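What follows is a set of notes on a single structure, which appears directly below.
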Amino acid sequence: MRGLRLRDAGVELRIGVALLLAIIILGLVVPAFAPEDPRRWNTVPRNLAPGGDYLLGTTSQGQDVFWLLALSVRNSLWVGFTVGVIATLFGAVVGMAAGYVGGLPDRVLTLLTDSFIVIPALPILILFSALLEGRASLLLVGCVLAVFNWPRPARQTRALVLSLREREFMRTAWFAGSNTLQIIRREIAPYLTGWFIANFVYTVLIAIATETGLAVIGLSNLQDTTLGGMIYWALRHQAILAERWYWIGPPTLVIIVLSVALFVVSSGLSKLSARRRGL
Amino acid sequence: MRFVAFLLTKLLVYVLIIVIGVTVVFLVPRLLPSGPVEALLARIMAGGGFMEPAQVESMRVSLTQTFGLEGTLWEQYRGFIERVLLAGDFGPSLAMFPTSVNVLIRQALPWTLGLLLTATIIAWILGNVIGVIAGYRKDKAFSKVLELIAVAVYPIPYYILALILIILLAYLWPVFPMSVHVRSAPLSLRFLATVVHNSFLPALSIIIVGVGWWVISMKALSSSVCEEDFVQFARLRRVSDGTIMTRYVARNAILPQITALALMIGGVFNGALITEIIFDYPGLGSLTYMAVMQSDYNLLMGTVTLSIVAVATATLVIDLLYPFFDPRIRYR
Amino acid sequence: MLRAEDVKAYYETRRGPVRALDGVSIALHENEIVGIAGESGCGKSTLVKVLYDNVASPLRLVSGRAVLTRAADDTSVLAASGSIQDRWWRDISFVPQASMSVLNPVVRIGPHFRDSADAAFRQMGRGAFWARVREVLSGLRLGDDVLSAFPHQLSGGMRQRVVIALATFLDPRFILADEPTTALDVVTQKEILTLLVDVQRRMKNSLVIVSHDMAVHYQVTGRLAIMYAGKLVECGPTSGIFREPRHPYTRLLIGALPRIGQRGKLSGISGVPPSLLSPPAGCRFAGRCPNVMDRCRSEEPAVRSVGNRHVVACHLHEPVAEDDS
C-alpha cells in the first residue's frame, strides 16, 4: 500500500473515490437509522411522490423508498465485496503459482483458467438460481459468482508475474538462495499490491453488475433486497407504466453511479501503480 | 510441418477446453441438493394436485431416465459425453415435448448469431476507430470528451442500460418496439426490414456497451503506440498525419484488440442472454431462460453446451487467424 | 549552412528547468563530416533536436535560434518557427539511434520509403522513384529483396542500412545522425560508419555524427565539437584536436581511449557532471578539472579562438595570460 498515495491521483480517481465513499456511507451507515425494517409492507402510506415526510416517496407496497434504497445498497455492496475477496485472492494465488512455477503446472492452470473464461457464466448462474428457487442466501449467491470471476485476476496476475520474473532483482533473489515461497512473498507480492486492489475493485464491479442482472430477471435472492431486486419489484408492479419514476429511478441511478465510480477507481488505481512501477 | 504442429496444439487445447467446460456444466446440477427431478416433481405436484406415492415413484424413475441421471456419476458422465459431445444429440425437450432440443436450437441459432455477430462487429469497428482517433489526438478536447462518455457508459450493467434504452426509445419516445414481435417467416425484403426494426434496440444496447469498452482500451493502446520509436521516426520523416494514424498507430494498436475480441466473446454471449430475455428476442438466450423457468433440463444442457462450443470455436478461429494480422508471429 | 546561434534549450520538469543547452553556437558547412562528442547528458542529442527543429514539450527553446541556409538559392529558414519542418527529409534528414523499433514492425520496408516522400513520389513518378530507391539501396549493399521484407526479418546492421537509405534517398544537404552505431556490435559499427562516409563522399552533403565514442570521431569526422554539461567546450579540426587537445576535458576524453601497445590501466575521468537543474557558477568542468584555478569557480570562460579554426572555452587559454600555440 505504501506505493499508492492519493496525493498522486488524478482528478478522475479523486471523483471516483469520493462517489464510492458516498455510496458506501449510504449503504453501511444509513440503514442502521431506519425506523423499521424497510422491507416490510404497509409500514407507510402507498404511492406517495417524493417530498414531505418521505424523502424519495413510497412504493405501491407501502415501503419507504429511501430506507429501502439504503438497505439495497448495503446488500449489493456486500455481494460485491464477498465475490471480490474470494475471486481476487483465489485468482491471485492461481496466477502467481502458474506464472512463477512455470512448466507443467503452469500449462494445467492456464488451461483451466482459459476453460473457465470460455464457459458462459450466466446460463449456469441462472441454472443455479433456478434450482435454488430464489432462496439462496446472498452469501451463497456471492460464492457462486466468485466461481466464475477468478479467471480474470488469475490471468492478469500470471502475466504480471511473468514480466516481473524476467527482471534483474528476481534473478538476484534467486541467486541469493531465497526459495520459491520467499521470492513470491518478498519480491513479487509487494509489486502486485496496487494491481490486487485495482483487480479487486473491478471484480466487485462485475459481481454487482451480474447480481443486478440476475436479480432484475428475478433469479437472485428476492427476500433480501438488492439494487437489482428493487428494480425487479418496481418492474413487477408496473412502475414504468404507472410512471412512478421515484421508485425505479433511485436504484437505477445509484447502480449507474456505483458502477462508474468502481470502474474509475479501478482503472485509476491500475494506472497509478503502473506509473509507479514503470510496468 | 510447423503449421501442422501449431494447428494440432491449438485443436488439442480447443477440445480440452470444451470437455472441461461441458464437465462443469454436467457437474453443477448434480452437486446441488435439489436436483432437476425433484424440482420438476415439486412443480407437477404443486400444479396437478394429488398423486399416489407409487405414481410419484414411477414418475421419478422415468424422469431420472430421461434426464440421464441413473447409475453412478461416472456412468452418467460417459453416457452424457457419448450422447452429447460425440453424437450431438441433446434428446427431447421436456417443456415442448416431443420436439427435440436440436430442432429448437436450430430455430433459435440464426437469430442469436445474426444479432450477436452484427452488433459485436459494429461495436468493435466503431469503438476501435473512435479509440484510435482519440488516442492519436489525445490532447484535443474532443478526445477527452469521447473518453469521458465511454467511461461513463461502459461500466453501466447491461440490463440497466437496456432498461434505460427501452424507457427512452420505446416508451417516452416510441420509435422502436419494446420487444421483438417477429417470428420466422419466408425470407423477403419486408421481413428483413421488420427484423432489423425489431432488433434495433437489442443491437443498440450491445453496441453501446461494446463501443464504450473498445474506445477505452483502444485509446490507451494507441496513445502508448504513439510513444514508440517508429512513430516518432515517422513523424521526423514527414510521413503524413493520416498515414501515421492508420498505417503506423492503428495497424499496431489493433493487434491486442484482435486477441481481446477472442476473450470478450464469452462476455458478449452472457450479455446477449440478458438482452434476449429483456427484449423477448427469439434466440438462444430466451430459449435458455425458458428452459430454466420450465425446468427443461435437456434444453438447458443443449443451449449451454452449444454456447460453450460456440465461444471456444470463435476463440480458436481468431487464434488461428491472428498470424495473418501480425507478420512477426509465425505458426509456432 | 546550418547554424545554431547562442541556443538555450531547457527541459521543463517538476523540479524546475534542466538546462540541457545553455548558450551553444555552432556552424555546419556543406560537404563536411562534423562530430559532436561528450558524455551522456551533455546536451549533444538536444543540440541535434534543436538543429532539426524537433522541439516539443517538455523541451523548450528559451532563446537563440537555428538557421538553415541553402547555398543554391541562398534562402534561409528559422527553426522554432516551424519552417525548417517544411524542409524535413528534403533538405535535412535524420538517422536515429540504431534500435529494433525505428521501423514499423507490421509494414514491409518498401512502403516506408513511399510514406516518407509523398510529394517526391508524385513528382518523380512511380518508375523513377523506385529506381532511385534501388540505386540508394545498392549503394548501401542492400538487394531489392529488402523492400518486400518485414523489419524483423533483417539483421540489426541491415535495418540500420535501411534507415540510412531512408535518410539519404531524397539527397538532403544535411544528415543528422544521433548515435547511429551505438547499439550495434563492433564489426557492424565499422561497416555502417564506412557506408555513411561513402554516402557523404558521393553526395557531397554534410553529415553530423553524434557519438559518445571518441574512436568513432577519430575514424570518421573532419571537424569535432566537444560538449560538456550543456556547453560547447572545444571545437576544431579533428586531426588538430587529437594531436593537441586544448581543453582539459578533451585531453581526458582522448586519454581514456585505449592505444595499440598500451600497457597498464586506462585512465577514466573521476567525478560526475554537475546537475543541470542548478549548474555551478564559473566553469562547469571546474569540479573535475585537474588544472582547476580559483577564477574557474567564479568566472565563466568565454569561447576563444586558438587559431586554425579551433576554438576552446577555458581559462588556461586566455590570450593575455599566455599563448600555447
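Every chain is numbered from 1, with letters handed out A, B, ... down the list of sequences. Predicted model only: the values in this text are computed from it and were never measured.
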Measure distances from Leu306(B) to the heavy atoms of chain A and classify the residue's part below 4.5 Å as side chain, backbone, both or neither. neither
From CD1 (Ile278(B)) to CG (Leu235(A)), nearest 0.5 Å: 9.5 Å
Could you check which of Leu258(A), Ile208(A), Ile255(A), Leu205(A) has the highest count of heavy-atom pairs closer than 4.5 Å to chain B? Ile255(A)
Would you say Val216(A) and Leu163(B) make side-chain contact, with heavy atoms under 4.5 Å? no
Contact check, side chains of Leu214(A) and Tyr159(B), non-hydrogen atoms, under 4.5 Å: no
Just give me the residue among Ile160(B), Thr288(B), Ile216(B) that pairs up with chain A most often, heavy atom to heavy atom, under 4.5 Å. Ile160(B)
Which portion of Leu262(A) sits near chain B, non-hydrogen atoms under 4.5 angstrom: neither
Side chain from CB out, backbone as N, CA, C, O: work out which of these in Phe148(A) comes under 4.5 Å of a heavy atom of chain B, or both, or neither. neither
If every non-hydrogen atom of Pro155(B) is compared with every non-hydrogen atom of Ser259(A), which pair is closest and at what distance? O-CB, 3.3 Å
Nearest heavy-atom contact between Val151(B) and Val260(A) is O-CG1, 3.9 Å
Neighbour count above 12 (heavy atom, 6.0 Å) for Phe80(B) CZ: yes
Side chain, backbone, both or neither of Ile164(B) within contact of chain A (heavy atoms, under 4.5 Å): side chain
